[in-house]
There are 2 protein chains.
Amino acid sequence: MRAAMRKKITFLLSFLIALPLLADEGMWLFNHPPRAALEQRYGFNPTQQWLDHLQKASVRFNSGGSASFVSKDGLVLTNHHVGLDCLAKLSTPKHDYVATGFHAKTRAEEVKCLDLEINVLMSIEDVTERVNAAVKSGMSAAEAQAARRGIMSTIEQESTEKSGLRSDVVTLYQGGQYHLYRYKKYTDVRLVFAPEVSAAFFGGDPDNFEYPRFDLDVCFFRAYENGKAVHPSDYLRWSTEGSKDGELVFVSGHPGRTTRLNTVTHLEWMRDVTYPQVLTLLRRREVLLRTYAERSPENDRRAHDDLFGIENSRKAYIGRIAGLQDPAIMNAKRQTEAALRAKIDADPQLKAQYGDAWDLVANAINTLRPIYGEFQWLEAGRAFNGTMFGHARELLRLAEESQKPNAQRLREYRQSGLESLKQELYSEAPTYSDLETIELADSLSNWMEIMGADNPLVKQAMAGKSPQERASELVRNSKMGDAAFRKSLGEGGKAAVDASHDPMLELARIVDPRSREVRTMYEQQVDEPLRQAYAKISNAVFKTSGGDQYPDATFTLRLSYGSVKGYEENGKHIPWATTVSGAIERSAEHKNQAPFDLPKSFLAKKETLSKDKTPYNFVFTADIIGGNSGSPVVNRANEFVGIVFDGNLQSLPWDYQFDDRQGRALAVHAKGIVDALHKVYAADDVVKELTGK
Amino acid sequence: MRAAMRKKITFLLSFLIALPLLADEGMWLFNHPPRAALEQRYGFNPTQQWLDHLQKASVRFNSGGSASFVSKDGLVLTNHHVGLDCLAKLSTPKHDYVATGFHAKTRAEEVKCLDLEINVLMSIEDVTERVNAAVKSGMSAAEAQAARRGIMSTIEQESTEKSGLRSDVVTLYQGGQYHLYRYKKYTDVRLVFAPEVSAAFFGGDPDNFEYPRFDLDVCFFRAYENGKAVHPSDYLRWSTEGSKDGELVFVSGHPGRTTRLNTVTHLEWMRDVTYPQVLTLLRRREVLLRTYAERSPENDRRAHDDLFGIENSRKAYIGRIAGLQDPAIMNAKRQTEAALRAKIDADPQLKAQYGDAWDLVANAINTLRPIYGEFQWLEAGRAFNGTMFGHARELLRLAEESQKPNAQRLREYRQSGLESLKQELYSEAPTYSDLETIELADSLSNWMEIMGADNPLVKQAMAGKSPQERASELVRNSKMGDAAFRKSLGEGGKAAVDASHDPMLELARIVDPRSREVRTMYEQQVDEPLRQAYAKISNAVFKTSGGDQYPDATFTLRLSYGSVKGYEENGKHIPWATTVSGAIERSAEHKNQAPFDLPKSFLAKKETLSKDKTPYNFVFTADIIGGNSGSPVVNRANEFVGIVFDGNLQSLPWDYQFDDRQGRALAVHAKGIVDALHKVYAADDVVKELTGK
């Protein structure tokens with residue numbers, strides 16, 4: 001029950017100040033692993049080879065998640081909810097792979113995802129000095145921003161040309177460091193095996209972020225190159241026994257975003273403005289999509305993936321706000337900040353270098369405040385929900401930006417990233433006009449509510465019509481739902497785009513001048529000053545604290561570690577693992593009603609499964625967050641022992657504060673996976689590829 | 001599908017300017033019926049006896065709805081969704097009358113509602129002159145407000161003492177007139193028969209406000225006095241055939257609220273501020289309650305009534321905003337207003353009397369703007385969701401207000417209304433601590449988001465705790481869930497309340513001073529000026545337009561009329577009535593999955609029902625709005641031919657603009673009701689009482 005779970009969070013955070021000094025904290029860089037802590041806490045010192053192997057066996061799903069190579073023939077394992085984007089796009093009313101699952105019994109039956117790109121990190125290079133050197137002292141924020149953007153795009157383009165690899169300059173420590181990440185990328189990724197969503201996401205939204213859990217949240221793909229299955233340089237060996245209670249485990253994955261370095265003022269801004277606004281939007285979209293989905297099974301199918309994402313985010317953000325609204329946690333943050341500032345103020349040199357950083361953050365937020373709304377509605381596109389407007393604007397900007405020198409383009413149109421951008425822009429994924437229409441109408445209506453019906457830009461965009469009428473005519477008359485049309489404009493360049501009067505493109509033309517203005521203000525007056533301020537703060541932390549530091553999450557590869565172990569909750573011990581028999585019991589308690597309904601495949605084996613004591617899901621203390629879904633969990637021997645698929649409710653405040661007294665990462669157990677593949681699905685081909693047996 | 005339905009609304013409203021002059025418009029006063037229009041359009045002239053009979057056979061449910069006496073033994077018929085409040089409060093996990101329905105086969109089995117009061121309007125007296133005479137020219141708004149409040153309470157108290165009847169001075173034309181309504185009230189109301197919610201609300205939220213429909217939305221109660229069934233002076237005779245296509249019908253019921261007299265500035269305020277805020281709140285509560293309800297069948301039972309109300313309002317408000325955001329409808333409103341103002345400005349005397357009214361409205365709204373938030377969070381109680389805080393504040397204020405002379409009290413504590421207030425305050429309806437806790441925690445969190453965590457009143461109310469912690473301790477330690485405790489404080493008066501340190505009462509003490517301040521500002525600087533302004537506007541309308549005028553809805557008895565007829569939609573004719581066989585078909589299309597699942601009682605008679613061609617639900621053009629649910633529909637002979645239960649989507653903008661080209665009221669057909677009672681439920685005792693057969 002949510003009420004009860006919330007109480008638990010509160011209870012937990014009230015004692016934050018008494019946090020043990022040594023926790024299994026950190027999302028560490030592979031080029032700066034936590035050697036001291038591992039040695040001290042676990043007597044473990046990974047070799048460079050150990051690290052390289054794990055790094056290169058790890059995979060990023062650009063649709064938003066993590067994964068790993070688990071066979072010599074390029075089998076890739078991720079979560080079902082990470083694969084969902086691909087599954088939903090491949091599905092039709094007749095073949096709903098989300099509902100029914102999928103199993104390619106031969107290579108020939110494997111189905112190619114429509115627009116998926118996956119990445120494997122090949123190397124990291126620290127380019128902080130080069131990036132910072134481009135920003136000369138005395139430059140205005142606007143000049144600094146242009147210089148920094150330029151050098152980043154230049155470094156990336158040089159690297160791409162030299163290495164042939166996808167090259168991204170990643171901002172770490174929110175501006176403290178810049179590293180060049182080079183990825184091998186795969187764009188021919190095929191679906192191999194997926195269970196039914198009712199097995200993968202058993203318990204649905206009510207059980208999401210809860211533990212104990214009983215989810216077979218796995219999905220297998222295979223990477224291809226030149227029409228053939230790849231043989232990756234590194235893949236994880238499957239542990240026959242899987243993880244064990246008490247053992248040290250590692251997570252190698254791509255945590256999306258954390259805000260742990262944020263100043264208190266910045267956290268207050270999130271608590272009071274950004275998170276409440278995000279949640280208001282999420283709730284609105286949830287109600288919109290649920291009422292749409294309820295009208296028919298086909299609507300339900302069309303909306304499933306978006307609705308899952310929205311509900312998942314809604315639950316996560318509620319947990320995050322709950323923490324920020326707890327005086328105990330905010331007071332702890334205030335104390336930590338005050339202690340650091342006291343250290344700096346006590347040293348004249350440190351004070352001169354870093355003392356103004358907190359005011360710089362506050363100033364940047366005050367500058368953001370008046371433009372934040374417009375930034376969200378226009379530049380972030382909240383006013384134009386659905387996929388069609390986004391495509392239109394991307395085509396418009398692609399045409400314009402491609403005319404500029406690489407270093408002067410908006411970041412997302414830099415030369416080195418165009419291939420990936422086009423992979424998505426030309427996607428053959430289906431567009432549903434009815435869904436696009438209600439989404440666009442609702443967001444136009446919302447924009448009108450917030451900016452006012454008499455706002456000149458709103459009026460111009462609405463063209464004298466109601467949001468419903470306008471959305472309906474835009475979707476009906478635009479060809480942005482057609483991949484071939486998008487490709488013809490994208491490849492036709494500026495001339496082709498200029499010649500098109502597609503109504504969605506025309507709408508993008510109306511909105512874009514102001515949207516770009518707001519973006520420029522944001523980049524120059526908010527983003528660049530924040531980078532400079534956080535560079536100071538992170539450097540101050542490095543100089544004043546002895547230990548190693550890890551940067552906030554940035555959807556780049558990180559190494560976490562922790563112990564497999566249960567925890568105490570309301571005076572009760574929650575064991576480290578569940579068994580599949582628990583799913584059978586829980587389903588029976590709920591009379592097999594959704595979202596506690598097990599698929600026929602499970603029900604057919606009910607007798608066997610209800611006696612099964614193999615570990616199914618388990619918990620451990622490693623530091624994870626959204627984006628880590630699908631990350632492999634490995635043991636000291638670098639063997640695959642499980643796959644991360646969630647955190648418990650108590651882990652939600654890890655956004656800004658780690659705490660492993662009750663907070664846990666959740667994973668599906670290696671043995672539980674193999675057992676289900678064999679016993680429930682008779683997918684012995686997959687089992688053999690994983691285990692050799 | 002919502003998208004499609006919204007398009008229909010838009011299409012409709014675009015042609016508003018071309019509205020036919022003669023529509024079946026109006027929610028008329030029983031002391032000022034639309035004689036001219038009825039005579040002209042239908043050649044019908046009701047006698048005074050005809051009107052008196054219908055008036056006194058009509059019943060108001062104070063929980064929010066309409067009804068009628070339908071037998072000489074005090075049988076009262078309303079909608080299932082109006083009776084739902086009573087059904088839910090009487091239900092337990094073992095006896096869930098909402099899910100399973102109810103049928104008392106003998107009088108002894110009839111179950112008394114826990115806190116229901118129903119009213120029958122006995123007389124109306126125009127007291128406008130007396131009310132206005134109390135407000136002397138030259139009085140400040142504060143003095144005027146006090147004088148008006150005083151005289152209203154005095155008139156009511158005199159009337160109650162003299163007549164022994166519940167006496168309410170009702171504000172009509174938003175301040176143009178004041179009428180004294182005297183009601184006979186019944187507080188011993190017993191449940192007689194209810195179908196299962198899946199029959200009554202077949203199609204659930206997806207089908208709500210849609211047509212064609214297939215709902216048996218009826219519920220029977222019986223009024224008692226002194227332990228015996230009452231024999232009302234008037235009750236409606238049941239029409240054996242029910243309503244017929246094309247015939248003139250009347251609705252006698254209690255429409256809750258409309259805003260048709262509102263100025264354009266006032267409508268813009270609703271469009272831009274109040275309605276969006278209401279919807280944001282509704283969506284938030286919907287998500288909160290749905291996620292709670294999904295966790296278990298018992299949670300679902302506990303939340304059912306609230307969730308229905310929230311979803312119903314959400315859908316209605318979305319339709320209302322859609323209309324206000326349509327330039328066509330707003331331009332039509334602007335033109336009507338400009339025409340009236342031109343007429344007034346053209347006549348120096350009218351101009352001197354009424355010319356400033358629109359500016360007065362605008363000024364009042366500008367005064368409201370800065371205090372609106374606080375008014376909603378504190379005085380309207382949005383910060384303190386759930387029932388317990390409301391009880392605590394009512395006890396606190398009851399103790400304080402009872403000390404004052406009647407004329408000086410807050411309106412809801414006037415002497416003449418205390419009996420009804422205590423009926424609700426001492427209700428034995430169950431309180432669910434888990435539900436109260438999540439509701440209070442969520443609303444405290446929302447308050448903190450909006451007013452800021454550092455707001456002094458927020459800080460004081462939170463007592464250094466997080467919203468979750470605070471809500472949890474308040475609910476756990478307060479006795480406000482206990483009816484006997486509330487009664488002991490309520491009857492113990494100020495001494496008893498002062499002596500209590502119940503934590504919810506303490507919270508009310510923290511909040512109340514500021515809440516009262518804001519309320520006073522609102523009453524003096526917004527409400528009173530609006531009354532004066534709308535008195536001018538409505539008088540200006542009376543003087544400049546020839547025809548009869550009806551006031552906006554005020555949850556008081558009104559007479560509407562119209563024709564039974566279908567309509568055209570997307571080039572298709574929608575017939576006037578559906579049959580029960582349609583429910584069988586629709587359920588089959590959805591594989592009998594909720595909310596398209598019929599109860600076992602219907603499924604058992606599937607064969608018979610699928611051939612049944614009796615009218616089940618039907619549509620007609622009478623002017624209704626929320627609050628009319630449960631209103632009897634009668635024919636020229638004053639016979640009961642159906643019961644209003646909804647309007648279609650196209651009727652949602654009737655809030656501010658009537659239009660009967662596609663807009664329709666929906667009713668359950670008299671013959672359909674009797675047929676279902678007999679064929680599905682074998683409730684022949686009820687049928688006999690209704691029809692004599």
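These numbers were taken from a predicted model, which means no experiment stands behind them. In what follows, chains are A, B, ... by sequence order, proteins preceding strands, each numbered from 1.
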Of A/H590, A/M462, A/M448, the largest count of non-hydrogen pairs under 4.5 angstrom with chain B goes to A/M448

For the interface with chain A, which of [options] has the highest count of heavy-atom pairs at distances below 4.5 Å?
options	answer
B/A594, B/P206, B/A471, B/A453	B/P206
B/G452, B/G464, B/P595	B/G464
B/E589, B/Q593, B/R290, B/K465	B/R290

Closest heavy-atom contact between B/D326 and A/E469?
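It is OD1-OE1, 4.2 Å.
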
Least distance between heavy atoms, B/R283 atom then A/D442 atom
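Scanning both residues, the minimum pair turns out to be NH2-OD1, 4.2 Å.
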
Under 4.5 Å from a heavy atom of chain A, the part of [X] involved:
X	value
B/K591	neither
B/E449	both
B/R470	neither

Once you round to the nearest 0.5 Å, how far does [atom1] of [X] lie from [atom2] of [Y]?
X	Y	atom1	atom2	result
B/T291	A/N208	OG1	CG	12.0 Å
B/E286	A/E286	CD	CD	8.5 Å
A/L279	B/N446	CG	CG	10.0 Å
B/S466	A/L324	OG	CG	11.5 Å

Atom group of A/F596 that falls short of 4.5 Å from chain B, counting heavy atoms
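Contact with chain B: side chain only.
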
Contact origin within A/I321 toward chain B - heavy atom pairs under 4.5 Å:
side chain

Counting N and O atoms only, with roles assigned by atom type, does the side chain of A/Q325 sit under 3.5 Å from a partner on the main chain of B/P467, one being a donor and the other an acceptor?
no

Carboxylate-amine/guanidinium proximity below 4.0 Å for A/R295 and B/E210
yes

Can we say B/E294 and A/K315 salt-bridge, meaning some charged N sits less than 4.0 Å from an Asp/Glu carboxylate O?
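No, B/E294 and A/K315 are not salt-bridged.
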
Side-chain heavy-atom pair B/T280, A/R284 within 4.5 angstrom cut-off:
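Not touching, per the 4.5 Å side-chain cut-off.
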
